Amino acid sequence: MGWNSWNKFGCNVSEDLIKGAADAIVSSGMKDAGYEYVVIDDCWQVSRDAGGNIVADARRFPSGIKALADYVHSKGLKFGIYSDAGVKTCAGRPGSSGHEYQDALQYAAWGVDYLKYDWCHTGTASAEWAYSTMRDALKASGRPIVFSMCEWGTAKPWLWAKDVGNLWRTAGDISDCWDCKKKDALSFVKIADMQDGLETYAGPGHWNDPDMLEVGNGGMTTTEYRSHFSLWCLLAAPLMAGNDLKSMSAEIKEILTNREVIAVNQDALGMQGRRVRKDGDTEVWAKQLSDGSRAVILFNRGIDETQVSVSWEELGYPAHLSAGVRDLWMKKDLGRLAGMYRVKVPSHGVVMVKVTP
Ligand code: GLA
């Protein structure tokens, strides 16, 4: 869990922005809710010096990266950075190709705790080889650094990256829209669909990453953002907030810090939830939790409010069972129900419950 600069700020990064985000994670209550990693995405770097060392943008980061990492650490948070396996990053800054060990040592000396490693300008390189090289370089640096693989699912990393990265992107870049008009853009629902079937590959220490959150960035309604956040929690996805934490509304903060929903995401069993039923525009998604209960999302993708139901059998329980049902957004116990639960779900919305036998 953490925050990353890209979705909202793109290349417009600076030490003031990152310090401000660290301050806001603490003051907003996000840190208390579990958000920990503050990650600068692309565009912090400008060149390499005569010795091949990566050079940060001195105008935007006048105190240097080490001082910034120290600041983030002083807030009780962890610090992350971005590079690329190719010769250039996606925004055209110097990549790490041919400098993997040198860069890893530099990151460790700065106090970096997390590396997001992108896949632009990699030519014909093998992803497995390139990511394993940086994995080895990070290991050799002697500092524990979370390794976030960003190759967009191109080479199906879920099949081979369990011992390479801690998380891997399963799709291209998310767009801040329910179902975008823009050609080729990956909306929230398109990305959600792409996660169906990947659940068996995720587990503690090696997670599918459907991309960072767009919650609070303005392109979707509050109801849609609640659906986006609920799905990502059920998918055991990394929760990297991507909004402006300094100016978020009370509603957005309430979504990002709902502890009962976050507890589903962080559950110790580490199972990724899956879609158990799709009936046109209505869907049921479920995730097994360590106490034997299930987190369930009743999802309505249609344009009208509609009833959605889930039976205990669909969740793997005996049909006759009576089970406790708790609504995780209303934070309310609905009592013990026999066999099933049925509820009206708003258009583009979810009802998210925990079912406990
Ligand atoms: C790629 C990644 C994004 C972001 C940008 C930065 O598109 O997938 O998440 O890091 O590069 O340029």
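In this text the structure is predicted, and so the values were computed from the model without any measurement. Whatever order the structure lists ligands and atoms in, that order sets their numbers, starting from 1.
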Side chains of Ser230 and Trp329, donor plus acceptor under 3.5 Å: yes

Report yes if the distance between the aromatic ring centroids of Tyr117 and Phe147 is under 6.0 Å, otherwise no. yes

Among Asp41, Ile174, Asp211, Asp173, the residue with a heavy atom nearest to atom 3 (C) of ligand 1 is Asp173

Is Lys116 positioned over the aromatic face of Tyr82, cation under 6.0 angstrom from the ring centre and no more than 45 degrees off axis? no

Atoms in ligand 1 with a heavy atom of Arg169 nearer than 4.0 Å: 8 (O), 9 (O)

Can Ser83 and Ser96 be counted as having a side-chain donor-acceptor contact under 3.5 angstrom? yes

Ligand 1 atoms nearer than 4.0 angstrom to some heavy atom of Trp152 are 2 (C), 8 (O)

Answer yes or no: are there more than 12 heavy-atom neighbours, outside Leu159 itself, under 6.0 Å from its atom CG? yes

Trp6, any N or O under 3.5 Å of ligand 1 N or O: no

Proximity to ligand 1 by part of Asp118, non-hydrogen separation under 4.0 Å: side chain

For Cys90, take its heavy atoms, then give the atoms of ligand 1 lying under 4.0 Å from any of them. 1 (C), 11 (O), 12 (O)

Can you tell me how the ring of Trp110 sits relative to the ring of Tyr107, calling it parallel under 30°, perpendicular over 60° and tilted otherwise? tilted

Are Thr222 and Ile255 packed together at the side-chain level, in the sense that at least one heavy-atom pair is separated by less than 4.5 angstrom? yes

With backbone taken as N, CA, C and O and side chain as the heavy atoms from C-beta onward, which portion of Cys150 lies under 4.0 Å from ligand 1: side chain, backbone, both, or neither? side chain

For atom 9 (O) of ligand 1, the protein heavy atom that lies nearest, with its residue and separation: Lys116 NZ, 2.7 Å

re atom 12 (O) of ligand 1, the protein heavy-atom contact at minimum distance is Asp42 OD2, 2.8 Å

Against ligand 1, does Trp119 come closer than 4.0 Å with any heavy atom? no

